[in-house]
Amino acid sequence: MAVITNIEDLKRIYERRVPRMFYDYAESGSWTEQTFRENSSDFDLIRLRQRVAVDMSGRSTASQMVGQDVAMPVALAPVGLTGMQNADGEIKAARAANEFGVPFTLSTMSINSIEEVAEATGRPFWFQLYTMRDTDYTSRLIQRAKAAKCSALVITLDLQILGQRHKDLKNGLSAPPKLTPRTIANLMTKWAWGIEMLGAKRRNFGNIVGHVQGVSDNANLGAWTAEQFDPTLDWGKVAKLMEQWDGKVILKGILDAEDAKMAAKLGADAIVVSNHGGRQLDGALSSIRVLPEIMDAVGGDIEVHLDSGIRSGQDVLKALALGAKGTMIGRAFVYGLGAMGQAGVTKALEVIHRELDVTMALCGEKNVADLGRHNLLVPEDFGGRWA
Ligand SMILES: Cc1cc2nc3c(=O)[nH]c(=O)nc-3n(C[C@H](O)[C@H](O)[C@H](O)COP(=O)(O)O)c2cc1C
């Protein structure tokens, strides 16, 4: 068996194992993919300050996110169609997260339903909400998440309309995959994936099929989103959703200081600085680049998390040192899941944890709470001069 030492290793196995349609779905950004690329390359612009002769014994990456204890401040981000990357993928990822001691976030667009994940794991997870035109359905989703004892509601604000990813259109992305000569030819080379998938609890959108009228099994994601997602979502509606939940609320998809201030004013428990992994507004700045400005605007008022582009523990450390209290990983855990199922998600978390811990030690720090701007070398013009 291959020796896996970093997230890139998992990605290589993932690419071999999973049908092209689902690999492409995860491994794309919108339009030119500029923001998708810069999410990662901007992390590389920040360097670390090496410190020596500091007692590095007794280190800890333990922290809290929205008041919940975490083994490290890295949550699994909501990822639609996770159960197409590997059979019952949401259940496997949630189990890996539980065992590791980090939060798992279930997407509205998951394959395994809220109830299936709750039953299989028996532990609280976070639920990510997309708001639909059908307000009764949205309210029912919130009630279902409450009944399943989800410990935070993550409301995603940056996808009222779907950013175009060329490959998904060309591949005719659907769950389960439509059988065309091209998909059949590709599936023939992914037999291990297929055999596991035959035994899956579910192969369609578990939170939707059977809960919304007129949604067929073979939902086309783009068309469905255009028909169902609520284009009128505004801050007033966000406030109403928060009232319906009356628990911890995380607002995800904030990339602008003004929006961060609005989120803080509404009384959310945290925001996620995110551009949806470069899948929505192509041409937007990377998350890590806007983080300092957002920290200046709301750092004292609200807990700030960051995602988009994290592929290593060094990336996590950089986000924390710039002020984020927590981070989320999307593709990094999907690679692990597609490569090796639950064990692969555990592997991804282990890799990132080890990188975070060793990097912290070499920066002369013993505790994630002590990380700060003093650990970094940030280019003077990192925020950029944008008029
Ligand atoms: C394949 C894929 C599907 C996603 N689906 C959702 C989703 O259903 N809901 C959501 O809020 N974010 C979704 N996201 C965005 C992630 O939650 C997260 O913001 C992003 O993956 C972070 O970037 P990273 O993949 O570079 O870590 C998705 C991302 C990917 C890659």
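Note that ligands are numbered from 1 as they come in the structure, with each ligand's atoms numbered from 1 the same way.
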Asp9 side chain to Thr5 side chain, donor-acceptor N/O pair below 3.5 angstrom: yes
Any N/O pair Ile310/ligand 1 closer than 3.5 Å: no
Heavy-atom proximity to atom 29 (C) of ligand 1, picking from Lys252, Arg311, Met328, Arg279, points to Arg279
Should the proximity of His276 to ligand 1, defined as any heavy atom under 4.0 Å, be assigned to the side chain, the backbone, both, or neither? both
Side chains of Ser60 and Lys366: do they bring a donor and an acceptor to under 3.5 Å? no
If we only count heavy atoms from C-beta on, is the Val79 to Glu90 side-chain gap below 4.5 Å? no
Atom 8 (O) of ligand 1 sits nearest the protein heavy atom Ser107 OG, 2.7 Å
Heavy-atom proximity to atom 14 (N) of ligand 1 ranks first, among Gly277, Gly330, Pro78, for Pro78
Below 4.0 angstrom from a heavy atom of Thr156, which ligand 1 atoms are there? Numbered from 1 as shown, please. 10 (C), 11 (O)
Where ligand 1 meets Gly80 - atom numbers and elements under 4.0 angstrom, heavy-atom basis: 3 (C), 4 (C), 5 (N), 6 (C), 7 (C), 8 (O)
Among the heavy atoms of Glu27, does any lie under 4.0 Å from an atom of ligand 1? no
If you measure from each non-hydrogen atom of Val79 to ligand 1, which part falls under 4.0 Å: side chain, backbone, both or neither? both
Determine whether any heavy atom of Asp307 lies closer than 4.0 Å to an atom of ligand 1. yes
How far is atom 23 (O) of ligand 1 from the closest protein heavy atom, and which atom is that? Ser308 CA, 3.2 Å
Could you tell me whether ligand 1 has any atom less than 4.0 Å away from a heavy atom of Tyr130? yes
For a quick check under 3.5 Å, do Asp307 and Ser287 share a side-chain donor-acceptor pair by atom type? no
If you apply the rule side-chain hydrogen bond (donor to acceptor under 3.5 Å, both in side chains), what do you find for Gln143 with Trp245, and how did you get there? CA-CA 8 Å; Gln143 293 313 318; Trp245 178 251; over 6 Å; no
Salt bridge present between Glu365 and Arg59 (N-O < 4.0 angstrom): no
Are a donor atom and an acceptor atom from the side chains of Asp69 and Gln64 found within less than 3.5 Å of each other? yes
Note: ligand 1 atoms sitting under 4.0 Å from heavy atoms of Ala77 are 16 (C), 17 (O), 18 (C)
Test item: Arg165 and Phe36 side chains (from C-beta on) under 4.5 Å apart, heavy atoms: no
Measure from atom 25 (O) of ligand 1 to every heavy atom in Arg165, Arg331, Gln128 and give the option owning the shortest one. Arg331
Is it the side chain, the backbone, both or neither of Ser274 that has a heavy atom closer than 4.0 Å to ligand 1? side chain
For Phe127, the option from Val117, Leu141, Thr105 that meets side chain to side chain contact (heavy atoms under 4.5 Å, CB included): Leu141
Taking Glu116 first and then Lys201, would you say they form a salt bridge - that is, a charged N and a carboxylate O separated by under 4.0 Å? no
So, 4.0 Å and heavy atoms of Ala332: is ligand 1 close enough to count as a contact? no
